[in-house]
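A short worksheet on the structure shown next.
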Amino acid sequence: MLIATWNVNSIRARLARAQKWLETHRPDVLCLQELKVQDADFPRAELESLGYRAAVFGQKTYNGVAILTRAEPTSVSKGLGDGEQDPQARLIAVQIAGLEVINVYVPNGAEVGTDKYEYKLRWLEKLRAHLDRHYRPDAPLIVCGDFNIAPEDKDAAQPEQWRDSVLCHELARQGLQNVCAFGLTDLFRKHVMTGGHYSWWDYRMLGFPKNNGLRIDLVLGTPAAAARCKTAWIDRDERKGQQPSDHAPVVVELD
DNA sequence: ATGGTTGCTTAGCAA
């Protein structure tokens, strides 16, 4: 069973690449972030024609998440469901083949010290509360997506450059650790211990040509999911060529 | 400190 996560930075701008990627890799589950489209304009038919169902939680212009699956999910839920008003579409979850899959687009946070950064930290706390309320750490569960956090210095090509950024800042890393303390581990790190593996490169300042990347797209799993995880890899080639997303897909294979 | 690029929307925001 292949499960992948990919921040496409607009599904409409990336439709041809997404279609090609699905045809090449045929994942069972593909979690998408930054759709930048409202539900009505999501290219549903173009993706369903490839044999996928689409659970979509869209938003005009910003954010938006979806989960594509080859099989029909047994349940779908959208949002943190904590009763608070939040117009930002950042979480969608499905249950499929007895596995819970939560797809998140964690707020970027702009800069440390801003309201956006406080929103990011609060959102991480609410994600942990959501897990506590609706999920069990002893069941098979995947939480994947664009976390906008590099967990460790070795997840940044130039850690000194990024140390005070919202992607590497101590409080963001603590927020991620608190989410993981629910009972989740980084499945990429089950298989690859070395640094030098990145999932995002800034469009600006020749980020990709210089390989000035960060590993901020993660697949987390409970022990029951981690035990089934056979491989994990980042499709760095997808960042190459004409009109790529600034993120590469991250893939895990589960028994 | 600023700017560099991309996408959506159409001057400015978010990343």
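A, B, ... follow the sequence lines: proteins, then strands. Residue 1 opens every chain. Small disclaimer: the values here were computed from a predicted structure and weren't measured.
- Counting side-chain heavy-atom gaps under 4.5 Å among Ile, Leu, Val, Met, Phe, Trp and Tyr, the cluster of A:Trp201 also holds A:Tyr198, A:Phe208.
- Applying the salt bridge (Lys or Arg N to Asp or Glu O under 4.0 Å) definition to pairs two or more places apart or across chains, those involving residues 6-31 of chain A are A:Arg17-A:Glu238.
- Annotation: side-chain hydrogen bond (donor to acceptor under 3.5 Å, both in side chains) contacts of A:Asp132 (sequence neighbours excluded): A:Arg128.
- Shown here are the side-chain hydrogen bond (donor to acceptor under 3.5 Å, both in side chains) partners of A:Asp186, two or more places apart in sequence or in another chain: A:Arg215.
- Comparing the same atom, P, in B:dG12 and in B:dA1 gives a spacing of 25 Å after rounding to whole Å.
- Less than 4.0 Å separates DNA chain B from at least one heavy atom of each of the following residues of residues 102-115 of chain A: A:Tyr105, A:Asn108.
- Here the separation of B:dT2 from B:dG7, taken at their C1' atoms, is 22 Å to the nearest Å.
- For A:Lys190 (side chain) and A:Cys229 (main-chain N/O), a donor-acceptor pair under 3.5 Å exists by modelled atom type.
- Grouping Ile, Leu, Val, Met, Phe, Trp and Tyr by side-chain contacts under 4.5 Å, direct or through others, puts A:Phe147 with A:Leu80, A:Leu91, A:Ile102, A:Val104, A:Val106, A:Tyr119, A:Trp123, A:Leu124, A:Leu127, A:Leu131, A:Tyr135, A:Leu141, A:Val143, A:Ile149, A:Leu176, A:Val179, A:Phe182, A:Leu184, A:Leu218, A:Leu220.
- With P as the reference atom, B:dT10 and B:dT5 are 23 Å apart, rounded to whole Å.
- Between A:Asp202 and A:Asn63, the residue anchored nearer the 5' end of DNA chain B, judged by the nucleotide with its closest heavy atom, is A:Asp202.
- Defined by atom type and a distance below 3.5 Å, a donor-acceptor pair is present between the side-chain atoms of A:Thr5 and A:Gln33.
- The nearest heavy atom of DNA chain B to A:Ile11 and to A:Met205 marks one nucleotide each, and the one closer to the 5' end goes with A:Met205.
- Taking atom P in both B:dC13 and B:dT9, the straight-line distance is 15 Å, to the nearest Å.
- For A:Val112, the side chain to side chain contact (heavy atoms under 4.5 Å, CB included) partners are A:Tyr117, A:Val166, A:His169, not counting sequence neighbours.
- For A:His25, the ring pair (Phe, Tyr, Trp, His ring centres under 6.0 Å) criterion is met by A:Trp21, A:Trp233, not counting sequence neighbours.
- Partners of A:Ser49 according to the side-chain hydrogen bond (donor to acceptor under 3.5 Å, both in side chains) rule, which considers only residues two or more places apart in sequence or in another chain, do not exist here.
- Scanning for ring pair (Phe, Tyr, Trp, His ring centres under 6.0 Å) contacts around A:Phe57 gives an empty result, with sequence neighbours left out.
- Bounding nucleotides for the chain A contact on DNA chain B, 5' to 3', at a heavy-atom distance below 4.0 Å, are B:dG3 to B:dA15.
- Contacts between residues 169-179 of chain A and DNA chain B, defined by a heavy-atom separation below 4.0 Å, involve no residue at all.
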